[in-house]
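In what follows, a structure is listed as structure tokens, so that the remarks can point back to it.
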Amino acid sequence: MSPEELQKKIKEGWIRVWMMVEALAISEDAVKSALEKHIEKMEREKNFIVYKKEFGKVHKVQNPLPNIEEGYSYVVELECLSKNFERIIHIVMNYGPSAVEILEPEKIEMDMGEAQGILNAIAEILHRFAASAGGMLVST
């Protein structure tokens, strides 16, 4: 994407975002394959454009998780454009980046419908986690 195309999208209201996504697996081939497929799937999302991606090197990690003596970590840094903030929420919840930074614009405004969409998306993911874990904690 050219700098001119990038600026045109931002002027149209698109949001420019940086993300880092990390994968961990028990073999170098598995971690590379998994992360690359994960990012390919992200690139097919509607109203979301990955215009820059930089994969790092695979690193061997000692004791990455309980009961796992050795693993492999692989990281990619992405620069993306999102049609709106709701789409960023969708991407974060479904692709699990380790870090996210909104680069542009400095201020984001949204209408009530988009805000409600975000809240409902968060509620949905919380209920999926609760269902997989046997329920949701309720404070009394």
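Since this is a predicted model, take the numbers as computed values, not measurements. Side chains are part of it too, since the values below use all heavy atoms of this structure and drop only hydrogens, waters and symmetry mates.
Atom CD1 of Ile122 has more than 12 heavy atoms from other residues, nucleotides or ligands within 6.0 Å. Atom CD of Gln62 is surrounded by more than 12 heavy atoms from other residues, nucleotides or ligands within 6.0 Å.
Criterion: ILVMFWY side-chain heavy atoms under 4.5 Å apart, direct or through other members. Under it, Val17 and Ile118 are part of a common hydrophobic cluster. Linking Ile, Leu, Val, Met, Phe, Trp and Tyr residues whenever their side-chain heavy atoms come within less than 4.5 Å places Ile39 and Tyr95 in a single cluster. When hydrophobic clusters are built by joining Ile, Leu, Val, Met, Phe, Trp and Tyr residues whose side-chain heavy atoms come closer than 4.5 Å, directly or via intermediates, Trp14 is not grouped with Met110. When the side chains of ILVMFWY residues are joined at heavy-atom separations under 4.5 Å, either directly or via intervening members, Phe55 and Val58 end up in a single hydrophobic cluster. By the criterion of side-chain heavy atoms lying less than 4.5 angstrom apart, applied directly or through intervening Ile, Leu, Val, Met, Phe, Trp or Tyr residues, Met93 is not grouped with Trp18; the two fall into different hydrophobic clusters.
The pair Lys41-Glu43 fails the salt-bridge criterion, with no side-chain N (NZ, NE, NH1 or NH2) lying under 4.0 Å from an Asp/Glu carboxylate O.
We find the CD-CZ distance between Glu45 and Arg87 to be 5.0 Å, quoted to the nearest 0.5 Å. Put simply, CE on Met42 and CG on Leu78 are 5.5 Å apart, with the number rounded to the nearest 0.5 Å. Distance check: Ile89 CD1 to Leu119 CG gives 9.0 Å after rounding to the nearest 0.5 Å. In this structure, the separation between CD1 on Ile15 and CG on Leu81 is 9.5 Å, given to the nearest 0.5 Å. Interatomic distance, NE2 of His90 versus CD of Glu124, reported as 9.5 Å (0.5 Å rounding). In this structure, CD on Glu77 lies 14.0 Å from NZ on Lys53, to the nearest 0.5 angstrom.
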Stepwise side chain to side chain contact (heavy atoms under 4.5 Å, CB included) check, Glu70 with Asn63: CA-CA 5 Å; Glu70 185 176 275; Asn63 303 311; over 6 Å; no

Val75/Ser73 under side chain to side chain contact (heavy atoms under 4.5 Å, CB included): CA gap, chis, key distance, verdict: CA-CA 7 Å; Val75 174; Ser73 171; 4.3 Å; yes

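When all heavy atoms are compared, the tightest approach of Pro64 to Val61 is CD-O, 3.7 Å. Taking each heavy atom of Ala23 and Leu35 in turn, the nearest pair found is CB-CB, 3.9 Å. When all heavy atoms of Ile102 and Phe85 are compared, the closest pair comes out as CD1-CE1, 3.7 Å.
Among residues at least two apart or in separate chains, side-chain hydrogen bond (donor to acceptor under 3.5 Å, both in side chains) pairs with a member in residues 96-120 are Arg16-Glu104.
Not one N or O on the side chain of Gln7 forms a donor-acceptor pair closer than 3.5 Å with the backbone of Glu4.
Checked against side chain to side chain donor-acceptor pair (under 3.5 Å), Tyr72 has no partners two or more places apart in sequence or in another chain.
Tyr74 and Glu28 are not linked by any side-chain donor-acceptor pair at a separation below 3.5 angstrom, with hydrogens and angles left out of the test.
Side-chain contact between Val76 and Glu36 is absent, with no heavy atoms from C-beta onward closer than 4.5 Å.
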